[in-house]
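Residue numbers begin at 1 in each chain, while the letters A, B, ... track the order of the sequences. Source: prediction; values computed, not measured.
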Amino acid sequence: MTDKNNIEIPEEKKSLNFIEQIIEEDLNSGKHKEIITRFPPEPNGYLHIGHAKSIILNFGLGEKYKGKTNLRFDDTNPAKEDTEYVDSILEDVQWLGFKWHGKVHYASDYFNQLYEWAVKLIKDGLAYVDDQSGEEISVMRGTPTKPGTESPNRNRTAEENLDLFIRMKNGDFKDGEKVLRAKIDMSSPNMHMRDPVMYRIKHAEHHRTGNKWCIYPMYDFTHGQSDYIEGITHSICTLEFENHRPLYDWFMDHIYEEGRTRPRQIEFARLNLSYTVMSKRKLAELVEEKYVSGWNDPRMPTISGLRRRGYTPESLKLFADKVGIAKRENIIDVGLLEYSIREHLNRTAQRVMTVLNPLKVTITNYPENEEELLPAINNPEDETMGEREVPFSKILYIEKEDFKEVANRKFFRLKLGGEVRLRYAYFIKCNEVIKDETGQITELLCTYDPLSKGGKSPDGRKVKGTLHWVSAKHAIDVDIRLYDRLFSDESPDGHKNKDFKEFINPNSLTVLENCKAEPFLKNAKSGDRFQFERLGYFCVDKDSFENKIIINRTVPLRDSWKNK
RNA sequence: UGACCCAUGGUGUAAUGGUAACACAGCUGGUUUUGGUCCAGCCGUUUCAGGUUCGAAUCCUGGUGGGUCAGCCA
């Protein structure tokens, strides 16, 4: 490699994360010819950006290593699950641009097989039916530092256990009356190994199996086996399942058949984002208590919320890439997410001029009924997007905050007696300020320099500021929703004795009505994204109707002018 | 007073025993018909203490700090 005669430039190899390293080892060693991963949501809520990280990881690995990725619903708890969530999850995964291999899988598809494995474990003396109440079981389990106590039912014969289990299945018992437990070790230092419950009785209707079953397997007795059935090679989950891995392996040890693919569980750190909460329970609370308009409120960190806010699938992939994969607990600065959407939209978004808080400007030396069309660049980062024409006339709107009667030299926008450029139009100079009785500025009287058409100075004189503007006569009215972070605290659920809702930002939504937009926006459709010059990236909301366009601000432009 | 896991700039992620790299944030400055973009520079004696080694962010031991586990949730 360091041979001086060797003129080969070593390939710049992007470093692998620890999961990719494991996969490459497994592929190189021949342990697996092909990898199969899976994304296994429980359909009991909407997906959030943390799930997006997991989806991108699992499907990304499948693509990178030319393997497969399954989508499997972990639907073993009929009390909490619903097809509404199934539908939203399907939509979100597809929106992110991923295609699962084959059909959609459901853990409930495996209930028969799971039942048979349970019977096998009973016959092998590795599982027993326990009559104790939930509370008794809990007490008998001990604590992390004190070993548990064995159940009085622990040494029933296989025959008795089998009979009882069949009767559980047949509906002979009420909810909670009996459970099936694995017979492992009540004194294990790992709580999960203290005879974990495998099956519980729930007389509830399941969203897919209806009333066929009244016993349902627990997560631990379902997940690994589902992986096994599907031939999953790498079962990737978050850190809190680390302590479950010995149990995952224990069940696998007792059902595994030589020659089949044996799945391996690998854990990575879940995503945490600053200034928001990520748990399904807390997000549901925000929805139920109407702090937001729904799961897809643009302030929510849900995939559907981000989508409505204007985030693109590409931006979330860019974000996931920057965030990386590791085992360290983390809180990612929400600024990184914002950077990611700017990065994508800067390259792709149509530019347009819109005035949020209009201030009337009359060009006193511009002919009364004259109007002209001025060419404007659609995206300076992408020539192929071409140009459009923007109408100019005597009466215009500029942004209120772009004018100050008097200001220091750091303020290089419009001031009384000062000159600025109107983007793609002319240089204008402000000569007079008109105010109402209360002293509020209502109008500016300006003159333009006809020779500066297009914004180029004819005599080489410079202006420091360039403003966006809209012709009053041609402007269309739009309503704009400005969003700020939902919480005012960096880690709203990180305070011991405080409810996360105490940190809700009361100003997370500002609605501006009758903003003035360039006519180009007339035909904008729900979901269209734009850069409003000098302001930020915006996305047309689905709430828009016939003749009123409603627009969400996705994210402001970076602003290095932090005077004010 | 258990088991398992983690520890590198403000925030994340690399460096796989051989000069601590990249991104974001922040701060300077340059370019610019968006105070955007783009470009350049600045910003860490790798949690501590020992040990192994010619050489340690990396391996070993111990400490400290943090996380997870006591659902018939996933």
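Judged as a salt bridge (charged side-chain N to carboxylate O under 4.0 Å, His left out), and not counting sequence neighbours, the contacts of A/R534 are A/D402. In this structure A/N243 satisfies the side chain to side chain donor-acceptor pair (under 3.5 Å) test with no other residue, sequence neighbours excluded. Residues passing the side chain to side chain contact (heavy atoms under 4.5 Å, CB included) test with A/K282, sequence neighbours excluded: A/V277, A/S279, A/D493, A/F500. By the salt bridge (charged side-chain N to carboxylate O under 4.0 Å, His left out) test, A/K400 is found to be paired with no residue, residues two or more places apart in sequence or in another chain being considered. The salt bridge (charged side-chain N to carboxylate O under 4.0 Å, His left out) test applied to A/D175 returns no partner, not counting sequence neighbours. Residues satisfying the salt bridge (charged side-chain N to carboxylate O under 4.0 Å, His left out) criterion with A/D172, sequence neighbours excluded, are A/R167.
Stem analysis of RNA chain B (at least three stacked-register Watson-Crick or G-U pairs, each with both distances under 3.5 Å) gives B:2-7 with B:64-69, B:10-13 with B:21-24, B:26-30 with B:38-42, B:47-51 with B:59-63.
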N/O contacts under 3.5 Å, protein versus nucleotides 16-21 of chain B?
from: B/rU16; atom 1: N3; to: A/Q21; atom 2: OE1; distance (Å): 3.1
from: B/rU16; atom 1: N3; to: A/Q21; atom 2: NE2; distance (Å): 3.2
from: B/rU16; atom 1: O4; to: A/Q21; atom 2: NE2; distance (Å): 2.1

Any protein N or O atoms within reach of nucleotides 1-3 of chain B? Criterion: under 3.5 Å, listing atom names and distances.
from: B/rG2; atom 1: N2; to: A/P189; atom 2: O; distance (Å): 3.1
from: B/rG2; atom 1: N3; to: A/P144; atom 2: O; distance (Å): 2.9

**Check against side-chain contact (heavy atoms from CB on, under 4.5 Å), A/I236 and A/L61** = CA-CA 11 Å; A/I236 301 164; A/L61 254 12; 3.5 Å; yes
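A/K178 forms a cation-pi arrangement with A/F173, by the criterion of a distance under 6.0 Å to the ring centre and an angle within 45° of the ring axis.
Between A/R200 and B/rC73 there is a side-chain N or O to OP1 or OP2 distance below 4.0 Å. Contact annotation: A/R409 does not reach the phosphate of B/rG35 (side-chain N/O to OP1 or OP2, under 4.0 Å). The side chain of A/S133 contributes no N or O atom lying less than 4.0 Å from OP1 or OP2 of B/rC72. In this structure, A/R245 does not reach the B/rC4 phosphate: none of its side-chain N or O atoms is under 4.0 Å from OP1 or OP2. In this structure, A/R423 does not reach the B/rG36 phosphate: none of its side-chain N or O atoms is under 4.0 Å from OP1 or OP2.
The aromatic rings of A/Y448 and A/F392 are tilted relative to each other, their planes meeting at an angle between 30° and 60°. The aromatic rings of A/Y46 and A/W295 lie parallel to each other, their planes meeting at an angle below 30°, with 60° marking the opposite boundary.
Mapping A/E242 and A/Q531 onto RNA chain B by nearest heavy atom places A/E242 closer to the 5' end of the strand.
Sparse packing is recorded around NZ of A/K429, with 12 or fewer heavy atoms of other residues, nucleotides or ligands lying under 6.0 Å away. The number of heavy-atom neighbours closer than 6.0 Å to NZ of A/K64, taken from other residues, nucleotides and ligands shown, is above 12.
Less than 4.0 Å separates RNA chain B from at least one heavy atom of each of the following residues of residues 42-50 of chain A: A/E42. Residues of residues 221-229 of chain A having a heavy atom closer than 4.0 Å to RNA chain B: none are found. Of the residues in residues 333-350 of chain A, those with a non-hydrogen atom less than 4.0 angstrom from any atom of RNA chain B are A/D333, A/L336, A/Y339, A/N346.
Side-chain contact between A/F221 and A/T76 is absent, with no heavy-atom pair separated by less than 4.5 Å.
For B/rG71, the base is syn relative to its sugar; the glycosidic angle is within 90° of 0.
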